[in-house]
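Some notes on the structure that comes next.
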Protein chains: 2
Amino acid sequence: MRADKRKKLERAGWTVGDAGDFLGLSVEERRFVEVKLALADGLRRRREDLGLTQGEVAKRLGSSQSRVAKMEAAHRTVTTDLLLKSLFRLGAGPEDVGRLLAPRPRRRAA
Amino acid sequence: MRADKRKKLERAGWTVGDAGDFLGLSVEERRFVEVKLALADGLRRRREDLGLTQGEVAKRLGSSQSRVAKMEAAHRTVTTDLLLKSLFRLGAGPEDVGRLLAPRPRRRAA
DNA sequence: GCAGTCTATGCCAGATCCGACATAGCGCAG
DNA sequence: CTGCGCTATGTCGGATCTGGCATAGACTGC
C-alpha cells in the first residue's frame, strides 16, 4: 500500500519527492490528496460499472473526454468540487461519497 | 428540516428560488450544496470546540477572517477543496469528514 | 502494418476562486 | 451612547480551474 499510491500521485502530476516517498507533504496535504484519489477512483469505478467510456461520461457531465481522464487521474487541475459534482451526476449518493472518504466503518464486516 | 436549510442556502448567497423552495436545483446540485453545508458546519463546530475566533483560525489556515466567515457560511465563492483543506488543517481526520458527509451509519446509536 | 476505439497529455481562453482589505452589523460591558 | 471584540458582506488583483481542442499512446482485430 505504498508504491502503488506513490505511482498514482506521480501520474496525477504531483511530482512527489523522489526518495522521500511523499513525506514532503504535510499531514493535511496528504489527507487532502487521499480524498481526491478516493473520489477519483470512485468515479472511475462508477463509470466502469455503468459500462461507459470516458467520452460518454463526458457527455453526461457536459464536459470533455480529456477532462474526465484527468478527473479519474486526480490530476492537480481537478478539484474535489468537480469530482463530487461528477459523482453525484452519475447517480452517487451522499453515503457512497462518505464511504469513499472514510472506508473505516466496515458495516459489520460483511 | 426545511426552512432552516433554506435560510442557510440564502445566506450562503445561493439566491434560492423564492417560492419554489430549492426545487429549482437538480438532485445533484442539491446533494453538492448539502455536502458544502455539512463541511461548513463541521468547520464551524470544530472551531467553536477549539474555542477559537474566526481570526485565529484564519491565522492557522494562512487566510483571512473574512474568508473563514465565508467558509462557515458555505458561501458560493468557497469550494469544497478549501473546506476540506481547512478541516484537515484544524486536525480533522478522514473519518470525521466521512461522518459529516454521510451522517447515516449511526455507529450503534450511542 | 494499419485502422479503429479508448484513454492520456499539453495547451489555451474564459470563468471561477483565493486571500486581502475595508467596512458594516451585532452583542455586550462600561 | 460609546467603545470593543467578533462576525458578516462587498470588492479586487492575481492565482487556479474548466471545458475544449489537438494529439499522442495503448490495445485490438484485421
Side-chain angles (χ1 to χ4, degrees), chain A residues 4 7-16 28-29 32-33 35-37 39-90, chain B residues 4 7-16 28-29 32-33 35-37 39-90:
Chain A
D4 57 326
K7 202 181 118 222
K8 258 186 189 170
L9 285 170
E10 287 174 346
R11 304 192 83 255
W14 281 101
T15 55
V16 177
E28 63 266 19
E29 283 172 325
F32 179 68
V33 171
V35 163
K36 245 165 101 164
L37 289 175
L39 294 177
D41 274 9
L43 187 64
R44 167 160 305 185
R45 244 179 274 127
R46 188 158 278 268
R47 173 175 68 81
E48 293 174 342
D49 287 354
L50 292 173
L52 300 174
T53 68
Q54 290 182 343
E56 292 170 322
V57 167
K59 212 165 194 177
R60 289 203 192 186
L61 300 181
S63 183
S64 57
Q65 180 269 323
S66 64
R67 214 93 248 290
V68 173
K70 280 162 190 163
M71 288 183 213
E72 294 186 353
H75 191 271
R76 86 180 156 308
T77 66
V78 167
T79 61
T80 56
D81 277 55
L82 187 59
L83 290 171
L84 286 171
K85 283 180 190 163
S86 300
L87 278 166
F88 287 145
R89 274 212 228 205
L90 290 188
Chain B
D4 55 327
K7 201 181 117 222
K8 259 187 186 170
L9 285 169
E10 286 174 346
R11 304 193 82 254
W14 280 102
T15 53
V16 177
E28 64 266 21
E29 283 172 325
F32 178 68
V33 171
V35 163
K36 246 165 99 163
L37 288 175
L39 294 177
D41 274 10
L43 187 64
R44 168 161 305 187
R45 245 180 271 128
R46 189 158 278 268
R47 173 176 68 81
E48 292 175 342
D49 287 353
L50 293 173
L52 300 174
T53 68
Q54 292 182 343
E56 292 169 324
V57 167
K59 211 165 193 175
R60 290 203 191 186
L61 300 181
S63 183
S64 57
Q65 179 270 322
S66 63
R67 213 92 247 291
V68 173
K70 280 161 190 162
M71 289 184 212
E72 295 186 351
H75 191 271
R76 86 181 157 309
T77 66
V78 167
T79 61
T80 56
D81 275 54
L82 186 59
L83 290 170
L84 286 171
K85 284 180 188 162
S86 300
L87 277 166
F88 287 146
R89 274 213 227 207
L90 290 187

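Because the structure is a prediction, the values reported are computed rather than measured. Letters A, B, ... are given to chains in the order of the sequence lines, protein chains preceding strands, and every chain is numbered from 1.
- When the side-chain nitrogen and oxygen atoms of Ser63(B) are compared with OP1 and OP2 of dG19(C), one or more of them lie within a distance under 4.0 Å.
- In this structure a side-chain-to-backbone donor-acceptor pair under 3.5 Å is missing from Glu48(B) to Arg45(B).
- In this structure, Met71(B) atom CE and dC17(C) atom P are separated by 14 Å, rounded to whole Å.
- Among all heavy-atom pairs drawn from Ala74(B) and Ala40(B), the shortest one is CB-CB, 3.8 Å.
- Here the P atom of nucleotide dT18(D) and the CZ atom of Arg76(A) are 13 Å apart, to the nearest Å.
- Checking side-chain atoms of Lys36(A) against main-chain N and O of Val78(A) turns up a donor-acceptor pair under 3.5 Å.
- One atom, CG of Leu43(A), and another, P of dA8(C), lie 12 Å apart when rounded to the nearest Å.
- Nearest nucleotide to the Lys70(B) side chain, out of dG10(C), dT9(D), dA8(C): dT9(D).
- For the side chain to side chain contact (heavy atoms under 4.5 Å, CB included) test, residues two or more places apart in sequence or in another chain that qualify with Arg89(B) are Glu28(A), Leu61(B).
- The shortest non-hydrogen separation linking Leu90(B) to Leu50(B) is O-CD1, 4.3 Å.
- Rounded to whole angstrom, the span from the CD atom of Glu72(B) across to the C1' atom of dA8(D) amounts to 11 Å.
- For Thr80(A), the side-chain hydrogen bond (donor to acceptor under 3.5 Å, both in side chains) partners at least two apart in sequence or on another chain are Thr80(B), Asp81(B).
- When each of Arg67(A), Gln65(A), Arg47(A), Met71(A) is tested with Val57(A) by the rule side-chain contact (heavy atoms from CB on, under 4.5 Å), just one qualifies, namely Arg47(A).
- In this structure, Val78(B) reaches the sugar-phosphate backbone alone: every heavy-atom distance under 4.0 Å involves primed, P, OP1 or OP2 atoms, never a base.
- For the pair His75(B) NE2 and dT7(D) P, the interatomic distance rounds to 18 Å; values are reported in whole Å.
- Along DNA chain D, the nucleotide closest to Asp81(B) and the one closest to Arg67(B) are compared, and the more 5′ of them pairs with Arg67(B).
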Polar atom pairs between nucleotides 22-26 of chain C and protein, under 3.5 Å, N or O only, would you list them?
none

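- Summary for the helix from dG1(C)-dC30(D) to dG30(C)-dC1(D): the axes at its two ends, each from 5 pairs, differ by 30° when rounded to the nearest 10 degrees.
- Side-chain contact between Leu52(A) and Arg60(A): present, with at least one pair of heavy atoms (C-beta onward) separated by less than 4.5 Å.
- Pairing each heavy atom of Ser86(B) with each of Leu43(B), the nearest pair is CB-CD1, 4.0 Å.
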Can you list the steps and then say if Thr79(A) with Thr79(B) is a side-chain contact (heavy atoms from CB on, under 4.5 Å)?
-> CA-CA 9 Å; Thr79(A) 61; Thr79(B) 61; over 6 Å; no

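- Atom NZ of Lys36(B) and atom C1' of dT16(C) are 11 Å apart (whole Å).
- Under the rule for a salt bridge (Lys or Arg N to Asp or Glu O under 4.0 Å), the partners of Arg44(B) that lie at least two apart in sequence or sit in another chain are Glu72(B).
- Residues Lys70(B) and Thr77(B) share a closest heavy-atom pair of CD-OG1, 4.3 Å.
- Listed in residue order, the members of residues 45-60 of chain B having a heavy atom less than 4.0 Å from DNA chain D are Arg47(B), Thr53(B), Gln54(B).
- We find that NZ of Lys85(A) is positioned 10 Å from C1' of dT18(D), with the value rounded to whole Å.
- If you measure from atom CG of Leu84(B) to atom C1' of dC18(C), you get 16 Å, rounded to the nearest angstrom.
- When distances are taken from the side chain of Ser64(B) to each of dG19(C), dG10(D), dA8(D), the shortest belongs to dG19(C).
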